[in-house]
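Below: the structure, in structure tokens.
Protein chains get the first letters and strands the later ones, always in sequence-line order, with residue 1 at the start of each. The analysis underlying the following values was restricted to heavy atoms, covering all of them including side chains, and did not include hydrogens, waters or symmetry mates. What you see is a predicted model, and the numbers here were worked out from it, not measured in a lab.
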2 protein chains.
Amino acid sequence: MEHYRDIGFKLTPQRIAILDFLEGHKGHPTAEDVYKAVVKRFPTMSFATVYNTLQALKERGRVAELSIDPGKRRFDPGREPHHHLVCTGCRRIVDIHRSYKLPVSEKERAGFDITGNHVEFHGRCPSCKKKLLSAV
Amino acid sequence: MEHYRDIGFKLTPQRIAILDFLEGHKGHPTAEDVYKAVVKRFPTMSFATVYNTLQALKERGRVAELSIDPGKRRFDPGREPHHHLVCTGCRRIVDIHRSYKLPVSEKERAGFDITGNHVEFHGRCPSCKKKLLSAV
DNA sequence: TAACTACATGATAATGATTACAGACTAAAT
DNA sequence: ATTTAGTCTGTAATCATTATCATGTAGTTA
């Protein structure tokens, strides 16, 4: 954890608590998830600090920001890569643990360095399939 | 356009204007983009109508909702499938026109009917690469 | 170790997108 | 023409996120 200092990231007690939470997290927490977990240890914790810290970590490539949830940001502590299958009806999310090698031509990449990919599969979950049928 | 009636979608003048806009749109418009375009023809158009209509179209599979833009919903009239390369620094978006066949096992799909996929590539655009170097 | 400085914290206010509401309206069916 | 279920619109409410700024402190330097 000490190496954070080397990348211009001051280690405050609040930040260490946030890092602890992220390290032990399997899912895709929102800022609110982080806040709720950390406020137990730091009753004075504010959302601003959570957002600032997540932003700082993101800039340093320590967490990824997901956008599977419209209108809400989700962060991924980023261990094994995984993808998501989202129900277009109810937004239920299922993880797909698998990785894909996706070719992108030199021309398409437009000078970008590609660091990763994330696939969002769309579909209908079993219960929304039923609803759709009965609606028609 | 008449077929919309058959799927329980009433064709009001406002909705026709929205559909016209979407049909001629190449990109990934936000609700605001739709509103701005349609309010010219319907000065009384309200955001609520735009959201309602987009929601109704989405439920009927006529537009897809993207979530490449955190904190803002984007819609895709959905013609040829394409993917997105997003700069993790400045959020610039480049379209990748290509389609991928991505296998998902029976077990992974958890009973879902998969209707499509969308890949979000992450990377650094040329100008953000430079910034990063000079910052260290 | 003390003092310094740049950066972090946190309470609050502000913003911006989206949703909720409710009364008036209207498309489409009969 | 009548009916009715669904739609429209202005407004208010909500929710996530960002901005502000005075205060505090991590990490550096003397």
Side-chain angles (χ1 to χ4, degrees), chain A residues 1-19 21 28-60 62-63 65-75 90-91 135-136, chain B residues 1-19 21 28-60 62-63 65-75 90-91 135-136:
Chain A
M1 188 170 280
E2 301 305 315
H3 79 279
Y4 281 104
R5 271 191 269 269
D6 303 335
I7 54 174
F9 184 83
K10 280 189 190 172
L11 283 174
T12 66
Q14 291 90 335
R15 286 180 166 194
I16 290 169
I18 291 174
L19 288 169
F21 171 75
H28 337 95
T30 61
E32 191 186 1
D33 295 331
V34 177
Y35 173 79
K36 277 184 181 163
V38 180
V39 78
K40 289 173 196 163
R41 264 210 258 168
F42 287 89
T44 62
M45 172 69 57
S46 88
F47 265 99
T49 298
V50 173
Y51 280 111
N52 286 342
T53 301
L54 288 171
Q55 176 65 25
L57 289 171
K58 204 182 76 179
E59 278 167 6
R60 291 166 176 80
R62 289 308 188 283
V63 302
E65 180 176 349
L66 300 180
S67 46
I68 44 178
D69 197 347
K72 200 177 276 185
R73 297 190 172 188
R74 288 185 176 276
F75 296 86
C90 64
R91 296 236 141 247
V136 177
Chain B
M1 186 169 284
E2 301 308 315
H3 80 281
Y4 281 104
R5 272 190 267 269
D6 303 336
I7 54 173
F9 184 83
K10 280 190 189 169
L11 282 174
T12 67
Q14 292 89 337
R15 288 181 164 191
I16 290 170
I18 291 173
L19 288 169
F21 172 75
H28 334 97
T30 61
E32 190 187 2
D33 295 332
V34 177
Y35 174 79
K36 278 185 182 164
V38 181
V39 78
K40 288 173 196 162
R41 263 210 257 167
F42 286 89
T44 63
M45 172 68 57
S46 88
F47 263 100
T49 297
V50 173
Y51 279 111
N52 286 341
T53 301
L54 288 171
Q55 176 65 22
L57 289 171
K58 202 182 77 181
E59 277 167 7
R60 291 166 176 79
R62 289 308 188 283
V63 302
E65 179 176 352
L66 300 180
S67 47
I68 44 179
D69 196 345
K72 199 179 276 185
R73 297 190 171 187
R74 287 183 176 276
F75 297 85
C90 64
R91 296 236 143 246
V136 178

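B:Q14 has a side-chain polar atom (N or O) that falls below the 4.0 Å cut-off from OP1 or OP2 of D:dT9. Applying the 4.0 Å criterion to OP1 and OP2 of D:dT9, one finds that B:T49 has a side-chain N or O inside that range. OP1 or OP2 of C:dT19 has at least one side-chain nitrogen or oxygen of B:R73 nearer than 4.0 Å. Remark: B:R15 is in phosphate contact with D:dT7, judged by side-chain N or O atoms under 4.0 Å from OP1 or OP2. Residue A:R74 places no side-chain N or O under 4.0 Å from the OP1 or OP2 atom of D:dT17. Between D:dG27 and A:R5, a contact under 4.0 Å exists linking OP1 or OP2 to a side-chain N or O.
The nearest pair of heavy atoms linking B:G8 to B:R60 is O-NH2, 2.8 Å. Taking each heavy atom of A:F42 and A:P13 in turn, the nearest pair found is CZ-CB, 3.5 Å. The shortest heavy-atom contact between B:M45 and B:Y35 is O-CE1, 3.2 Å.
Within 4.0 Å (heavy atoms only), B:P43 reaches no atom of the nucleic acid at all. Heavy atoms of A:K10 sit under 4.0 angstrom from at least one base atom. Residue A:T44 is classed as a sugar-phosphate contact, given heavy-atom separations below 4.0 Å to backbone atoms only.
Distances were taken from every side-chain heavy atom of A:T12 (C-beta onward) to each of C:dG10, C:dT9, D:dT9; the shortest belongs to C:dT9. Which of D:dT9, C:dA17, D:dT17 sits closest to the side chain of B:A48 comes down to D:dT9.
Ring geometry for A:F9 versus A:Y4: interplanar angle of 30 to 60°, hence tilted.
Along DNA chain D, the nucleotide nearest B:F9 and the nucleotide nearest A:G71 are compared for position; the residue whose nucleotide lies closer to the 5' end is B:F9. For the pair B:F47 and B:P13, nearest-nucleotide mapping onto DNA chain C gives the more 5' position to B:F47.
One atom, CZ of A:F42, and another, P of D:dT25, lie 11 Å apart when rounded to the nearest Å. A:I7 places its CD1 atom 16 Å from the C1' atom of C:dA8, with the value rounded to the nearest Å. Straight-line distance from the CD atom of A:Q55 to the C1' atom of C:dT9: 16 Å, rounded to whole Å. Note: CG (A:L11) to C1' (C:dA8) measures 12 Å, nearest angstrom. Regarding B:K72, its NZ atom lies at a distance of 15 Å from the P atom of C:dT19, rounded to whole Å. Atom pair A:D69:CG and D:dA16:P shows a separation of 10 Å (rounding to whole Å applied). Look at OH on A:Y51: it is 16 Å from P on C:dA11, rounded to the nearest Å. Between the CG atom of A:D6 and the P atom of D:dA26 there is a distance of 18 Å, given to the nearest Å.
The only member of B:I16, B:L11, B:T12 that meets side chain to side chain contact (heavy atoms under 4.5 Å, CB included) when paired with B:Q14 is B:T12. For the side chain to side chain contact (heavy atoms under 4.5 Å, CB included) criterion with A:T30, the lone passing option out of A:K36, A:K72, A:R73 is A:K72.
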